[in-house]
Amino acid sequence: MGRQAGLCGWVGDGSPDQVSRMLAAMAHRGGETVVVEGSGFALGRIARARTDGKVATPPEDRDAAIVGFCAGHVLGLTSSSSVVEQILRAVPADLRDLDGAFSVAAYRPASRDLVLCSDPFGHRTLFYAQHRGTFYFASELKALLSVDSLPVQMDLEAIHHYLTFSFVPGNATPVAGIRRIPPGHLARWHSGGLKLDPYAELRAPESVSHVGSYGCGAERVLEAVREAVQRRVFSGERLGVYLSGGLDSSAVAWALRDAGVAHEILSLSFGRHSVEHREARMVARYLGSKSRSVRVRGRSLRASFPDVVHKLDLPYGDPVTAPQYLLAQEARALDLDAVFNGEGGDQLFGGWSNKPMIAAALHGRADVHALLRTSHRFFGFENELYTPEFRSALGDRDDRSGFLQPYLEDPRDKSFLHRLRRSDIATRGARNLLPRAESMAAGAGLDVRSPLFDRALARVAFDLSPHQKLSGAREKHVLKQALLPHLPAEIVERPKSGMAPPVNRWIRCPMRGWVRALLSERSLRERGLFRPEFVTPLTRGIDREGEVRSRRVGEKVWALLMLEAWLRIFIDGRGRAPGSGAPMS
């Protein structure tokens with residue numbers, strides 16, 4: 001099972017060479033390709049070869065009854081039969097313990113059944129589209145866009161969602177007609193119809209356990225973190241850890257050292273603008289781990305921007321995304337095979353992102369709109385930002401709350417904090433943190449692992465009472481109790497600060513040329529989505545009235561900059577790499 005491998009294929013009446021073109025669009029995922037073709041179908045996989053010249057993973061079962069491939073690492077299957085066979089024959093109940101970061105495509109030629117499977121948390125994405133009676137799928141959007149006959153038009157509703165969340169929630173994409181398999185689902189394509197069945201649902205038990213004491217809960221959490229990390233260590237790999245200096249990534253680095261697993265620590269540095277760099281070095285020294293600081297310089301940021309957008313596949317408005325790509329490139333230059341990160345701690349253990357809504361709930365103001373406003377992008381400013389044409393095309397229906405309400409208003413979860421966390425995992429985790437980290441790592445030929453997004457660990461976290469996660473103002477209380485004996489108290493007890501990249505400085509200095517080119521009045525009018533009178537002051541550093549944090553203006557500009565760059569590459573240029581015909585100037 002190739003770690004950062006990519007999958008693609010079609011069922012129906014596709015072109016014989018279409019899979020080869022789809023694989024070529026994902027060439028950064030490796031140099032070894034395997035294609036299986038037959039009457040009415042074609043499947044392909046691309047993976048990186050090992051240094052000994054062998055393919056990183058052999059193809060799965062290719063007999064006459066079942067063909068298919070798996071990309072990533074699958075945990076929780078105990079049968080000796082192949083992953084592909086088990087997935088193809090499974091009903092959702094058979095996969096209740098399935099975990100890992102993977103995607104699977106399995107096909108039975110005799111009955112013409114195609115089954116696609118996504119991992120429970122959304123580490124790996126599978127895009128799909130139906131066109132002229134043929135069903136296409138691929139690990140990357142740009143691979144689907146290589147289908148010449150496929151129409152490529154903006155999905156304005158998905159763009160509208162992006163401008164609120166800074167990523168595209170749900171299953172749509174900003175390309176009309178192209179969607180994504182939901183995390184934790186089996187998708188079955190047969191006789192022109194697609195059926196989606198969930199096999200993984202994260203929910204608190206009917207009666208939440210208080211585990212007897214805080215100490216007992218901390219012991220359970222510590223052991224679950226250890227096991228989640230160890231399950232994702234495979235023999236023969238050179239490993240690294242992305243260490244921010246925060247609690248979550250420090251916990252992962254500690255667990256690797258505790259297991260005796262050799263690894264190298266990599267940390268981002270923004271020079272004198274760094275927020276957590278000192279703390280990252282402190283943790284590395286405390287653990288006795290080899291560490292490397294990766295300095296984000298303006299010229300590297302500016303030069304890598306088109307490649308970042310292309311490798312991301314979807315627009316992501318968080319400005320830390322480009323530095324993550326530079327970090328992945330450095331890790332690959334060190335000949336690392338995989339890196340671990342600390343994503344998931346906030347979502348599982350009641351981190352800082354939950355606190356504003358908890359405070360609002362105490363004052364009776366915790367509704368869906370309050371949560372949408374916490375994104376700090378463009379929610380509430382649509383009439384000022386959108387052109388009349390864009391606004392009219394959207395119509396009166398607004399379904400943004402629909403991404404959150406199923407979790408926030410689920411009567412089965414008695415705890416408001418549990419509902420918040422489920423909402424955060426399903427939106428920010430599954431459609432933002434995890435897929436963008438995977439895209440940036442794979443873009444550099446690297447695998448990334450997020451062990452805190454682990455089903456067994458999640459069950460432990462959701463079995464604890466809300467007070468064990470948020471004790472007064474102390475966020476992630478039980479996780480901190482678990483780690484206090486193992487990490488410096490200064491790290492464990494330090495308030496959450498986030499990486500806080502100096503985005504205001506970036507848009508004024510190294511990215512100034514990109515801002516002028518992509519968000520000029522002429523560019524805005526040609527695209528027809530946004531009013532220049534709203535955007536232009538932002539590009540000059542003037543935020544909306546009432547905003548108290550100065551970095552918000554830079555975050556808004558970055559979100560718009562990312563979107564316009566994405567539109568030029570993926571809509572105007574059909575996903576072609578910059579420099580090969582995609583208009584970026």
Side-chain angles (χ1 to χ4, degrees), residues 151-179 309 312 314-319 367-405 427-428 431-432 503 507 514-547 549 551-572 583:
V152 178
Q153 298 175 339
M154 289 187 289
D155 184 322
L156 294 179
E157 193 168 13
I159 291 172
H160 173 55
H161 297 156
Y162 165 83
L163 293 162
T164 289
F165 292 90
S166 84
F167 57 91
V168 182
N171 303 325
T173 75
V175 181
I178 297 181
R179 298 181 64 80
V309 179
L312 274 174
L314 294 172
Y316 293 94
D318 191 329
D367 58 14
V368 173
H369 287 178
L371 188 54
L372 291 172
R373 281 192 291 271
T374 63
S375 67
H376 301 289
R377 292 306 189 268
F378 301 102
F379 181 78
F381 295 108
E382 297 84 359
N383 288 332
E384 298 173 63
L385 172 63
Y386 297 177
T387 61
E389 294 77 13
F390 183 18
R391 197 76 173 115
S392 175
L394 292 174
D396 296 330
R397 189 171 66 90
D398 189 346
D399 62 351
R400 286 172 292 181
S401 60
F403 298 111
L404 308 174
Q405 281 175 326
T427 53
R428 189 165 179 263
R431 289 314 194 197
N432 180 25
V503 63
I507 64 172
W514 282 114
V515 172
R516 286 180 170 178
L518 301 185
L519 299 180
S520 67
E521 181 173 339
R522 177 182 175 181
S523 173
L524 293 169
R525 295 197 185 283
E526 287 179 350
R527 184 66 64 192
L529 297 177
F530 309 128
R531 297 173 182 263
E533 56 269 29
F534 184 97
V535 176
T536 300
L538 293 177
T539 64
R540 295 172 180 168
I542 304 170
D543 207 347
R544 310 305 298 166
E545 198 173 323
E547 180 55 69
R549 295 199 177 188
R551 75 169 187 265
R552 300 298 186 203
V553 66
E555 291 170 347
K556 292 184 179 76
V557 173
W558 186 272
L560 295 173
L561 187 68
M562 174 63 69
L563 177 61
E564 177 58 28
W566 184 90
L567 289 168
R568 294 193 183 198
I569 291 175
F570 285 88
I571 298 296
D572 304 341

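- Within the 4.5 Å cutoff, the side chain of His161 has heavy atoms near those of the Phe403 side chain.
- Residues that satisfy the ring-ring contact (aromatic ring centres under 6.0 Å, His included) test with Phe379, not counting sequence neighbours, are His369.
- In this structure Tyr162 satisfies the ring-ring contact (aromatic ring centres under 6.0 Å, His included) test with no other residue, sequence neighbours excluded.
- Here Phe390 contributes atom CZ and His160 contributes atom NE2; the two are 7.0 Å apart, rounded to the nearest 0.5 Å.
- Considering every non-hydrogen atom in both Ala393 and Leu156, the closest pair reads CB-CD1, 3.5 Å.
- Aromatic ring orientation, Phe530 versus Tyr386: tilted (interplanar angle from 30° to 60°).
- Contact check on Asp572 versus Arg527 returns a salt bridge, with a Lys/Arg side-chain nitrogen under 4.0 Å from an Asp/Glu carboxylate oxygen.
- Between Trp558 and Pro319, the shortest heavy-atom distance links the atoms NE1-CA, 3.5 Å.
- The CG atom of Leu524 lies 6.0 Å from the CG atom of Leu519; values are rounded to the nearest 0.5 Å.
- To the nearest 0.5 Å, the span separating OG1 on Thr539 from CG on Leu561 amounts to 10.5 Å.
- Under the salt bridge (charged side-chain N to carboxylate O under 4.0 Å, His left out) criterion, no residue pair touches residues 385-394, with sequence neighbours excluded.
- Contact between Ser166 and Arg377 at its shortest, heavy atoms only, is CB-NE, 3.6 Å.
- Qualifying side-chain hydrogen bond (donor to acceptor under 3.5 Å, both in side chains) partners for Arg179, counting only residues two or more places apart in sequence or in other chains: none.
- Under 4.0 Å is where a charged nitrogen must lie from a carboxylate oxygen, and between Glu384 and Arg531 no such pair does.
- Between Glu564 and Leu529 there is no side-chain heavy-atom pair separated by less than 4.5 Å.
- Phe165 and Phe167 have tilted rings, their planes meeting at an angle from 30° to 60° on a 0 to 90° scale.
- Among residues two or more places apart in sequence or in another chain, the ring-ring contact (aromatic ring centres under 6.0 Å, His included) test is passed with Phe534 by none.
- Distance CG/Leu163 to CG/Leu563: 6.0 Å, rounded to 0.5 Å.
- A heavy-atom distance below 4.5 Å is not found between the side chains of Thr427 and Asn432.
- Between Glu521 and Val535, the closest side-chain pair of non-hydrogen atoms is not below 4.5 Å.
- Residues forming a side-chain hydrogen bond (donor to acceptor under 3.5 Å, both in side chains) with Ser523 (at least two apart in sequence, or on another chain): Arg568.
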